[in-house]
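Since the structure is predicted, the reported quantities are computational estimates derived from the model, not experimental observations.
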Amino acid sequence: MASEPVPGEIDLTRPSVARVYDYYLGGAHNFAVDREMAQQAIEMWPDLPLIMQANRAFLRRAVRFCVDAGVRQFLDLGSGIPTAGNVHQVAQDAAPGTRVVYVDSDPIAVAYSRTILGDDPRTAVVQADLRRPEQVLDSPEVRSLLNFDEPIAVMMVAVLHFVPDADDPAAVIAGYREAMAPGSFLVVSHASQDGQPEKAGSHEDLYRRRTATPMTMRSKSQVIALMDGFDLVEPGVVFLPLWRPVSLDDVDDQPERFTGLAVVGRKR
């Protein structure tokens, strides 16, 4: 565990999805309770670390795509802990002036994010619930760093499956879409039953029992429906390794084993 101070009044007896994800990626910003749950999940689904790495690789490719399309500002929702190869690093390597705001509701993830990012004036961190677009968009950090009159990339990577149907994920997305200028991009990856349906139920049950943020996996058709108002960038909604791979050598012989779906949409 890293040595940064832990914010007070945090329940360290229950796993956090942000810290579990950090563990999957080989990060150090997690606790014993997070590692225990992650190991349980891996025992049930040994491919999970590979799936998470494929998800992070998709994030990097999508960020580079958006930068190549002229985007110079990113809003990363449900960002977790910005470990190596995250949005600001990839975007600023390609275009040094790019501005990035990270948003997460987990106070520990936010605290560590602020420590990691330091005093970089091109980045900021907001503690907020992405399900409240008006709260996020009206935050001082977003208002000062991002200009929604210009194209922006809104990142919802590995986070919408933690928004249950009862919270209307389509309406959540619409709250951000209405603020985005034409030519902006929405980047989404989403856990799915597609590919390995026999493992999906037990994985959802584990998150429902152990965390405060149960998981709702969705099918390809359901993910497509969430992209209303956006034109899908080729190749559309596909398994993670199949979204614009750098090389065909990067594509597994069985891409469906990665189960997660990836898509980028351009606002009309």
Notebook entry, point to check: From Leu242 CG over to Phe258 CZ, what is the distance, rounded to the nearest 0.5 angstrom?
Noted result: 9.5 Å

Next item on the list: Would you indicate whether the side-chain heavy atoms of Asp138 and Arg143 approach each other to under 4.5 Å?
Entry: yes

Note to self: Does any part of the side chain of Val233, heavy atoms only, come nearer than 4.5 Å to the side chain of Arg244, both counted from C-beta?
What the structure shows: yes

Notebook entry, point to check: Is Ser105 reaching over with its side chain to a backbone N or O of Asp129, donor-acceptor style, under 3.5 angstrom?
Noted result: no

Checklist line | Approximate separation, where rounding is to 0.5 Å, of Leu186 CG and Lys267 NZ | finding: 11.0 Å

Notebook entry, point to check: Roughly how far, to the nearest 0.5 Å, is the CD1 atom of Ile152 from the CD atom of Gln73?
Noted result: 4.5 Å

Item checked: Criterion side chain to side chain donor-acceptor pair (under 3.5 Å) against Asp34, the qualifying member of His29, Gln39, Arg19 -> Arg19

Notebook entry, point to check: Would you say the side chain of Phe148 lies within less than 4.5 Å of the side chain of Leu75, judging by non-hydrogen atoms?
Noted result: yes

Check: Any side-chain heavy atom of Arg56 within less than 4.5 Å of one from Arg60?
Finding: yes

Checklist line | Between CG on residue Leu137 and CE on residue Met180, distance to nearest 0.5 Å | finding: 10.0 Å

Checklist line | Heavy-atom side-chain proximity of Ser189 to Leu59 below 4.5 angstrom | finding: no

Notebook entry, point to check: Just wondering, do Asn30 and Tyr24 contact through their side chains at under 4.5 Å, heavy atoms?
Noted result: no

Notebook entry, point to check: Do the non-hydrogen side-chain atoms of Leu117 and Val100 ever get within less than 4.5 Å of each other?
Noted result: no

Next item on the list: Answer yes when Asp167 and Arg131 have at least one side-chain N-carboxylate O distance shorter than 4.0 Å, and no when they do not.
Entry: yes

Item checked: Pairwise distance CG(Asp194) to OG1(Thr259) - rounded to 0.5 angstrom -> 9.0 Å

Check: Quick one: do the Tyr112 and Asp22 side chains pair a donor with an acceptor below 3.5 Å?
Finding: no

Note to self: Measuring from atom CD1 of Ile51 to atom CD1 of Ile42, what distance do you get when rounded to the nearest 0.5 angstrom?
What the structure shows: 10.5 Å

Item checked: Phe230 vs Arg268 side-chain heavy atoms within contact, under 4.5 Å -> no

